[in-house]
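Data block below; observations after.
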Amino acid sequence: MDVKTLLAARGPLTTRILTGLVLITLAVAAVYFGGTAFTALVALAVLLMFAEWSVMHGLPRFIRLAGLAALAATIFLASYGPASQALLTLGGAALALGLFARNFGGRFAWVVGGVLYCGLPAIALIVLRAQPSGIMLTVWTLSIVWATDIFAYFAGRAIGGPKLAPAISPNKTWAGLGGGVVGAALTAYGVAAYFQMSGPVKDYALIAGGVLAVVAQGGDLFESWMKRNTGVKDSGRLLPGHGGVLDRLDGLVPVAVLSALGFVAVLR
């Protein structure tokens, strides 16, 4: 019996939890070791995200391959050069591919959007991990997203109530959003205290955690809207109990970018 069959036999919730634990363990290990291990995990996630995005939106094969190459180059530059070069490469590649796709009947917005959607959080995470307190900052950021997902899921199931956005995601409730905000705020403060963070990071941890929880839910809703717009249930089937990589990382995309911008501004 293979792993997917074994997980499916245990029930959807158990499958979701076990897959989540495996992903969290891999992420924490990569953050801890940093360097090539962290870059490799970011690259794998981002390339899989763009592959799913390309299939979802029916992008031509050439655009898919060129987009993957552009993202790989962006990650390399972000890891071994200044972030500014990575941003310029990403922006230039997104625009060039978008214009090329438009000239051949493709959709400019979805090509440009896909490259930026996948590339910006990759640069953000690499920039966060490269800081002197990179392990703490990256774990803090990831923990907020994880806490939002976990608390929102269980609060929504336990409390129920009015739907948050029934036309986009029928299962999400206001109670789930509230649970996610509270859980993320407490987690942000707890992680900051555990790592003995000081200054604005600790002082505003509760507020930042709550705000980023709303941002994470916004990222989740955007991906849900995108799936409805393209007529798919999940972005993929790679992750048992979760769907595709886009399904799993939709909340991290905006949170990573905002967290990196905030920390860079504070640390300067």
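Nothing fancy with the numbering, it's 1 onward along the sequence.
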Item to check | Stepwise ring-ring contact (aromatic ring centres under 6.0 Å, His included) test for Phe100 and Phe62 | outcome: CA-CA 10 Å; Phe100 182 87; Phe62 172 78; 5.0 Å; yes

Would you name the heavy atoms of [X] and [Y] that are closest together and state the gap between them?
X	Y	result
Ile75	Ala122	CG1-CB, 4.2 Å
Ser235	Glu52	OG-OE1, 2.9 Å
Val31	Leu142	CG2-CD1, 3.9 Å
Gly156	Thr173	CA-OG1, 3.6 Å
Ser169	Arg228	N-NE, 4.4 Å
Leu164	Pro166	C-CD, 3.8 Å

Checklist entry - Between Tyr32 and Phe38, does the ring centroid distance fall short of 6.0 Å? => result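 No, too far apart.
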
Hydrophobic cluster identity match, [X] and [Y], side-chain contacts under 4.5 Å:
X	Y	result
Val139	Leu23	yes
Leu90	Leu95	yes
Leu21	Leu26	no
Leu41	Met49	no

Checklist entry - Side chain of Asn103, backbone of Leu99: donor and acceptor closer than 3.5 Å? => result yes

Item to check | Backbone N/O of Val127 and side chain of Gln131: donor-acceptor pair under 3.5 Å | outcome: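 Looks like yes, one N/O pair under 3.5 Å.
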
Item to check | From CG (Leu186) to CD1 (Ile144), nearest 0.5 Å | outcome: 11.5 Å

Checklist entry - Roughly how far apart are Leu44 CG and Leu48 CG, rounded to 0.5 Å? => result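 Result: 4.5 Å between the selected atoms.
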
Checklist entry - So, do Asp247 and Leu239 sit near enough that their side-chain heavy atoms are less than 4.5 Å apart? => result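 A side-chain contact under 4.5 Å is absent here.
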
Next on the checklist: A side-chain contact here means heavy atoms from C-beta on lying under 4.5 Å apart; do Asp250 and Phe222 qualify?
Outcome noted: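 They are not in contact (no side-chain heavy atoms under 4.5 Å apart), so the answer is no.
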
Checklist entry - What do the steps show when you test Lys233 against Lys227 for side chain to side chain contact (heavy atoms under 4.5 Å, CB included), and what is the final call? => result CA-CA 6 Å; Lys233 183 179 182 296; Lys227 288 189 294 186; over 6 Å; no

Checklist entry - Can you tell me if OH on Tyr204 sees more than 12 non-hydrogen neighbours from other groups inside 6.0 Å? => result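 No - once you tally the heavy atoms of other residues, nucleotides and ligands closer than 6.0 Å, there are 12 at most.
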
Next on the checklist: Per the ring-ring contact (aromatic ring centres under 6.0 Å, His included) rule, what does the pair list look like for residues 132-151, sequence neighbours excluded?
Outcome noted: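 The answer is Trp140-Phe263.
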
Checklist entry - Are Lys163 and Lys172 close enough, and set up right, to give a side chain to side chain contact (heavy atoms under 4.5 Å, CB included), and what steps lead you there? => result CA-CA 6 Å; Lys163 302 297 184 181; Lys172 286 184 171 53; over 6 Å; no

Next on the checklist: For a side chain to side chain contact (heavy atoms under 4.5 Å, CB included) check, start with the C-alpha distance between Arg248 and Asp149, then their side-chain angles and the critical distance, and finish with the verdict.
Outcome noted: CA-CA 10 Å; Arg248 181 63 275 157; Asp149 286 345; 2.3 Å; yes

Next on the checklist: Please tell me whether Thr39 and Ser79 have a donor and an acceptor in their side chains that are separated by less than 3.5 angstrom.
Outcome noted: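 Side-chain D/A pair, Thr39 to Ser79: present.
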
Next on the checklist: As a quick check of understanding, evaluate side chain to side chain contact (heavy atoms under 4.5 Å, CB included) for Tyr194 and Met136, giving each step before the final call.
Outcome noted: CA-CA 9 Å; Tyr194 176 81; Met136 294 184 290; over 6 Å; no

